[in-house]
Visitor: 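Can you keep this structure in mind? I'll have questions shortly.
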There are 2 protein chains.
Amino acid sequence: MHTRRPTIGVFDSGFGGLTVLKALLEVIPEADYLYFGDTARLPYGSKSVETVARYAVEAAHYLENHGSAFLVIACNTATALAFDRIISAAHVPVIGVVDPGAEAAAAVSKNQKVVVIGTEATIGSHAYHKALAARGIDAREKACPLLVPLVEEGWVEHSVTEQIARIYLDEAFAGEFRDADTLVLGCTHYPLLKPLLRRASPALVSIVDSAESTAHAVASHLQNLLPANSSVAEERRSLARLRFFATDSVEKFKRLGALFLKQPIDDVQHVDLKE
Amino acid sequence: MHTRRPTIGVFDSGFGGLTVLKALLEVIPEADYLYFGDTARLPYGSKSVETVARYAVEAAHYLENHGSAFLVIACNTATALAFDRIISAAHVPVIGVVDPGAEAAAAVSKNQKVVVIGTEATIGSHAYHKALAARGIDAREKACPLLVPLVEEGWVEHSVTEQIARIYLDEAFAGEFRDADTLVLGCTHYPLLKPLLRRASPALVSIVDSAESTAHAVASHLQNLLPANSSVAEERRSLARLRFFATDSVEKFKRLGALFLKQPIDDVQHVDLKE
């Protein structure tokens with residue numbers, strides 16, 4: 001049995017991917033993690049395919065060069081716009097957030113009608129629409145560009161945020177998608193808004209958090225690499241090593257990142273990608 | 001008299017600086033303009049001093065290399081964080097938006113109490129506080145990070161935007177600044193919100209638009225270079241040449257830029273700064 005402790009590289013434009021790292025730590029505590037936040041160039045959500053692809057490939061190579069044996073693209077925009085480019089450029093297995101989210105939505109939806117919310121770029125790419133259509137699911141996609149700045153302002157339970165969420169969701173759950181039964185959070189910032197988004201969605205809608213779905217997909221991929229004995233896993237949990245790389249201020253990364261990861265962030269190194 | 005037609009380089013992280021270009025076209029129609037929008041790396045408002053300074057110096061050099069005889073830093077964040085660095089790196093005269101805005105506020109305020117609103121980075125730099133203190137003015141600075149995304153969502157007359165503006169302005173016009181008589185728009189996106197901000201501000205508050213103040217400051221600097229005969233200026237107006245450079249999608253620059261400039265944008269060239 002191969003019990004070598006894996007190093008998983010997790011990449012995002014900024015802080016949102018920390019919700020994916022948080023889910024990964026819960027599902028796969030017996031691994032080491034390198035997290036790359038391209039905070040100098042965030043947000044990706046309003047940028048073009050070419051720009052996002054170039055940035056994402058640089059980040060993937062950085063994580064590989066620092067020992068990652070597996071890459072998680074914990075950014076819906078990068079996955080939606082540049083997944084094929086990243087896979088071609090990488091030398092290790094790569095998993096993104098779109099397919100796991102689509103897979104979970106397909107498993108949960110009873111009437112095959114799903115609403116997906118995300119950034120302008122993710123929605124404009126129609127990556128979720130394609131991934132869901134391949135699973136026989138009809139998707140309505142809705143860009144919600146104000147939700148990321150609202151989360152970053154810390155207004156995760158603010159009445160204004162709820163009004164804005166209702167405006168977006170009322171437009172999405174309308175017409176032939178009035179009775180859609182599943183909502184996919186197609187942006188890694190949105191898990192922080194889950195209670196508010198549940199209130200703003202029609203009753204009985206299931207919420208699929210692509211951060212959680214991705215963590216479970218990574219666990220499935222890695223299960224042959226990990227120790228089967230759960231007491232070994234438990235013992236190693238306390239030893240989990242986390243290292244962070246950020247392209248902008250280390251101080252800001254520690255401060256804002258802790259809100260997303262819900263634990264203190266210590267080991268952050270500044271990276272200059274020589275732009 | 002030196003009547004050579006000047007080429008003015010205008011720089012911003014994205015679209016906001018187009019409100020400054022619009023004001024420049026009104027005040028100095030008899031010039032050529034190069035506009036550089038660093039849209040691949042926007043927004044600067046949430047980035048660190050080092051990152052913003054590096055980006056701004058690259059943009060300044062790009063505009064110089066393309067023939068600008070004068071540079072306007074049409075971005076409050078870049079001016080607030082990196083003005084000295086840009087001046088040191090540039091080989092032509094440079095004007096930023098902070099000093100003209102502070103100058104106008106000092107001229108307008110009767111009780112020497114001024115509120116300044118801007119991005120997180122502009123406010124965190126205290127550049128306006130220092131510039132106003134040097135003119136004997138007390139300033140309260142208030143970061144309003146949601147206003148830029150609201151403008152970019154096109155919600156310039158939306159009730160949600162007005163609620164958010166009231167939350168920010170109520171916090172700013174409080175305590176010893178309850179009776180402040182002047183509001184400085186310390187972000188080049190904010191002129192698009194001027195009617196709404198006027199409604200959300202206390203009655204009788206004067207609004208200083210740093211885009212307009214900057215255009216007048218540039219005109220003063222350039223007056224010796226420009227033809228004194230206004231009929232010549234008028235005649236040359238129709239010949240005003242505008243060229244645009246954007247680091248992200250040209251298509252998006254044309255579409256969103258037209259909203260800020262309030263005229264169609266045609267001649268846009270994509271620039272890859274080899275990040």
Side-chain angles (χ1 to χ4, degrees), chain A residues 13-15 38-55 57-59 81 119-121 124 143-155 158-168 189 246-253 255-256 270-275, chain B residues 13-15 38-55 57-59 81 119-121 124 143-155 158-168 189 246-253 255-256 270-275:
Chain A
S13 57
F15 304 95
D38 195 7
T39 44
R41 307 191 287 197
L42 67 79
Y44 286 5
S46 50
K47 295 188 174 68
S48 66
V49 174
E50 273 313 304
T51 301
V52 169
R54 185 155 52 85
Y55 290 179
V57 167
E58 284 177 13
L81 270 59
T119 64
E120 198 186 339
C144 303
L146 290 168
L147 296 187
V148 166
L150 285 161
V151 168
E152 296 197 340
E153 180 70 315
W155 291 12
H158 198 292
S159 68
V160 157
T161 308
E162 189 157 340
Q163 288 174 60
I164 291 173
R166 284 183 192 278
I167 291 169
Y168 286 141
H189 276 68
T247 54
D248 197 34
S249 155
V250 163
E251 218 33 66
K252 181 171 179 181
F253 191 88
R255 183 166 43 81
L256 200 51
H270 181 260
V271 173
D272 190 346
L273 280 184
K274 275 288 157 260
E275 314 186 62
Chain B
S13 57
F15 305 96
D38 194 6
T39 45
R41 307 191 286 196
L42 68 79
Y44 286 4
S46 50
K47 295 190 174 67
S48 66
V49 173
E50 272 313 303
T51 301
V52 169
R54 186 155 51 87
Y55 290 178
V57 166
E58 283 176 14
L81 271 58
T119 64
E120 198 186 339
C144 304
L146 290 167
L147 297 186
V148 166
L150 285 160
V151 168
E152 296 196 340
E153 179 70 315
W155 291 14
H158 199 291
S159 68
V160 158
T161 309
E162 191 157 339
Q163 288 175 59
I164 291 173
R166 284 183 193 278
I167 291 169
Y168 286 141
H189 276 67
T247 53
D248 196 34
S249 156
V250 163
E251 218 33 66
K252 181 171 179 183
F253 190 89
R255 181 167 43 81
L256 200 51
H270 181 260
V271 174
D272 190 344
L273 279 184
K274 276 288 158 258
E275 315 185 62

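This one's a predicted model, so the numbers in the text were calculated from it and none came from an experiment. Chain naming here is simple, since letters A, B, ... match the order of the sequence lines and numbering starts at 1 in each.
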Visitor: Show your working on side-chain contact (heavy atoms from CB on, under 4.5 Å) between B:I164 and A:I164 and close with a plain yes or no.
Guide: CA-CA 11 Å; B:I164 291 173; A:I164 291 173; 4.3 Å; yes

Visitor: Grab the two heavy atoms, one from B:K47 and one from A:D248, that are nearest each other, plus how far apart they are.
Guide: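 Result for this residue pair: CA-OD2, 3.2 Å.
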
Visitor: Does the side chain of A:L146 reach to within under 4.5 Å of the side chain of B:L146, using non-hydrogen atoms?
Guide: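 Counting from C-beta outward, A:L146 and B:L146 never come under 4.5 Å.
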
Visitor: Below 4.5 Å from any heavy atom of chain A, which atoms of B:T39 appear? Answer side chain, backbone, both or neither.
Guide: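 Just its backbone gets close to chain A.
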
Visitor: How far apart are the closest heavy atoms of B:T51 and A:T247, and which atoms are they?
Guide: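 For B:T51 versus A:T247, the nearest heavy atoms are OG1-O, 4.2 Å.
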
Visitor: Looking at residues at least two apart in the chain, or sitting in another chain, which of them share a side chain to side chain contact (heavy atoms under 4.5 Å, CB included) with B:S249?
Guide: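 With sequence neighbours excluded, B:S249 shows a side chain to side chain contact (heavy atoms under 4.5 Å, CB included) to A:S48, B:E251, B:K252, given in chain and number order.
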
Visitor: So for B:L150, is it side chain, backbone, both, or neither that comes closer than 4.5 Å to the heavy atoms of chain A?
Guide: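 Both backbone and side chain.
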
Visitor: Check whether B:E50 gets within reach of chain A through its side chain, its backbone, both or neither, counting any heavy atom under 4.5 Å.
Guide: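 Neither part, no heavy atoms under 4.5 Å.
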
